[in-house]
Asks: 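The following block contains the structure, expressed as structure tokens.
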Amino acid sequence: MAIDGPAPAGKGTLAKRLAAHYGLPYLDTGLLYRAVGRLADEQGVDLDDAEAAGAVARALDAGAIDEAALRGREAGELASRVAAHPPVRAALEAFQRAFAADPRGAVLDGRDIGTVICPGARVKIFVTASAEVRARRRTDELAAKGRTVEYERILAEVRERDARDAGRAAAPLKPAADARLLDTSELDIETAFRAACAIVDQAPH
């Protein structure tokens, strides 16, 4: 299953639920890019240097990724910057394709799973929501953690990241031609999950 979409539209939450529901391995591919961005930043690598960032990606130990440390907004921004580089994408694409080749099947979520990583995936869902809704969710999420954030600033960051992800030359963010669109703007997680399950169950075997 290829679950794509912008952040934070809810694709990660949905992908995890789908993997658990159908008993499949799950990979949050965004964590790979976040890990590369964080490591590059910590090592003082120029994030605009494609080859240097690619070297960090090739040396990445996926087993040592600290998910909790990579969930913040800063890691997301770092990920978006390094993800634009073809050498980074090439290194991480090989890992993702190997994961997707699991004979049991797999659920991968990201931004280019259905278009680049697994164009032959049996199920492709593009999860989206309006920029305003996504910014409100992120603002509420941060506020719940005690962080003081301005909605307008978060909205501007969401729009900036959308433009960067959609406009990059390497694997731009866009739905696969045969992906089913799932707009979660007006849906709670349970309703969105049921809608996603319906898409999966209707897919040809």
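Sequence positions, counted from 1, serve as the residue numbers for this chain.
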Asks: Is Lys16 salt-bridged to Glu67, cutoff N-O under 4.0 Å?
Replies: yes
Asks: Not counting sequence neighbours, list each pair that qualifies as a salt bridge (charged side-chain N to carboxylate O under 4.0 Å, His left out) and has a residue in residues 48-58.
Replies: Asp48-Arg81
Asks: Would a 4.5 Å heavy-atom cut-off, applied to side chains only, mark Leu18 and Tyr26 as touching?
Replies: no
Asks: Evaluate the side-chain proximity of Arg164 to Glu77: yes if any heavy-atom separation is below 4.5 Å, no if none is.
Replies: yes
Asks: Which residue pairs pass the ring pair (Phe, Tyr, Trp, His ring centres under 6.0 Å) test when at least one of the two sits in residues 112-170, sequence neighbours left out?
Replies: none
Asks: Report, as yes or no, whether the 6.0 Å neighbourhood of atom CD on Glu150 holds more than 12 heavy atoms from other residues, nucleotides or ligands.
Replies: no
Asks: Begin from the C-alpha positions of Leu92 and Leu60 and carry the test side-chain contact (heavy atoms from CB on, under 4.5 Å) through to its verdict.
Replies: CA-CA 9 Å; Leu92 297 184; Leu60 180 68; 4.0 Å; yes
Asks: Given side-chain contact (heavy atoms from CB on, under 4.5 Å), test Ile189 with Thr191 step by step and report yes or no.
Replies: CA-CA 6 Å; Ile189 183 58; Thr191 308; over 6 Å; no
Asks: Can Phe99 be reached from Leu32 by stepping across I, L, V, M, F, W or Y side chains whose heavy atoms are under 4.5 Å apart?
Replies: yes
Asks: Under a 4.5 Å cut-off applied to non-hydrogen side-chain atoms, are Arg34 and Leu78 in contact?
Replies: no
Asks: Got a sec, which residues hit ring-ring contact (aromatic ring centres under 6.0 Å, His included) with Phe193, two or more places apart in sequence or on another chain?
Replies: His21
Asks: Assess the residue pair Val200 and Met1 against the criterion (side-chain contact (heavy atoms from CB on, under 4.5 Å)); give the C-alpha distance rounded to whole Å, side-chain angles, the decisive distance to 0.1 Å, and a yes or no.
Replies: CA-CA 8 Å; Val200 173; Met1 297 183 202; 3.7 Å; yes
Asks: Distance check, rounded to the nearest 0.5 Å: Ile65 atom CD1 versus Asp61 atom CG?
Replies: 8.0 Å
Asks: Just checking, is any N or O donor in the side chain of Asp109 or Thr29 under 3.5 Å from an acceptor N or O on the other one?
Replies: no
Asks: Taking all atoms of both residues into account, what is the closest heavy-atom pair of Asp183 and Ala129, and its distance?
Replies: OD1-CA, 3.7 Å
Asks: Please report the interatomic distance OG1(Thr115) to CG(Leu173), rounded to the nearest 0.5 Å.
Replies: 8.5 Å
Asks: If you draw a 6.0 Å radius around CD in Glu186, do more than 12 non-hydrogen atoms from other residues or ligands fall strictly inside?
Replies: no
Asks: Taking C-beta and beyond as the side chain, do Val127 and Ile125 meet within less than 4.5 Å on heavy atoms?
Replies: yes
Asks: I'd like to know if Glu74 pairs up with Arg38 as an ion pair, taking the criterion as any Lys NZ or Arg NE/NH1/NH2 lying under 4.0 Å from an Asp or Glu carboxylate oxygen.
Replies: yes
Asks: For the residue pair Val45 and Ala52, what are the closest heavy atoms and their distance?
Replies: CG1-CB, 3.6 Å
Asks: Atom CD of Gln96 and atom CG of Leu108: how far apart are they, to the nearest 0.5 Å?
Replies: 6.5 Å
Asks: Heavy atoms only: give me the nearest Leu47-Ala40 pair and the separation to one decimal.
Replies: CD2-CB, 3.6 Å
Asks: Let me see the working for Arg137 and Glu141 under side-chain contact (heavy atoms from CB on, under 4.5 Å), right down to the final yes or no.
Replies: CA-CA 6 Å; Arg137 289 174 181 167; Glu141 177 188 324; 5.9 Å; no
Asks: Determine, for Glu157 against Arg161, whether the closest basic-nitrogen to carboxylate-oxygen distance falls under 4.0 angstrom.
Replies: no
Asks: Test side chain to side chain donor-acceptor pair (under 3.5 Å) on Asp28 and Tyr33; report intermediate values, then the result.
Replies: CA-CA 10 Å; Asp28 176 351; Tyr33 288 94; over 6 Å; no
Asks: Of the non-hydrogen atoms in Ser80 and Asp165, which two are nearest, and what is the gap between them?
Replies: OG-OD1, 2.9 Å
Asks: Of the non-hydrogen atoms in Val82 and Ala53, which two are nearest, and what is the gap between them?
Replies: CG1-CB, 4.4 Å
Asks: Can you tell me if Arg97 has over 12 outside heavy atoms packed within less than 6.0 Å of its CZ?
Replies: yes
Asks: Should Val88 and Leu27 be regarded as members of a common hydrophobic cluster, given that ILVMFWY residues are connected when their side-chain heavy atoms come within less than 4.5 Å of each other, either directly or indirectly?
Replies: yes
Asks: Using a strict threshold of under 4.0 Å (side-chain N to carboxylate O), is an ion pair present between Asp4 and Lys11?
Replies: no
Asks: Going by atom types only, do Arg134 and Thr139 share a side-chain donor-acceptor pair under 3.5 Å?
Replies: no
Asks: To the nearest 0.5 Å, how far apart are CZ in Arg194 and CZ in Arg17?
Replies: 9.5 Å
Asks: Flag yes if Leu31 and Val36 sit in one hydrophobic cluster, no otherwise; membership is Ile, Leu, Val, Met, Phe, Trp, Tyr, and two members link when side-chain heavy atoms are under 4.5 Å apart.
Replies: yes
Asks: Okay, side chain of Thr184, backbone of Leu187: is any donor-acceptor separation there less than 3.5 Å?
Replies: no
Asks: Are Phe95 and Leu70 linked, directly or through intermediate hydrophobic residues, by side-chain heavy-atom contacts shorter than 4.5 Å (ILVMFWY only)?
Replies: yes
Asks: In Å, rounded to the nearest 0.5 Å, how long is the span from OG1 of Thr148 to CG of Leu142?
Replies: 10.0 Å
Asks: Any chance you could measure Ile3, atom CD1, to Leu14, atom CG, to the nearest 0.5 Å?
Replies: 7.5 Å
Asks: Closest approach of Ala15 and Val107, non-hydrogen atoms and distance?
Replies: O-CG1, 3.7 Å
Asks: Is any side-chain heavy atom of Val158 less than 4.5 Å from a side-chain heavy atom of Glu132?
Replies: no
Asks: Determine whether Asp112 and Arg89 make a side-chain contact, defined as any pair of heavy atoms from C-beta on separated by less than 4.5 Å.
Replies: yes
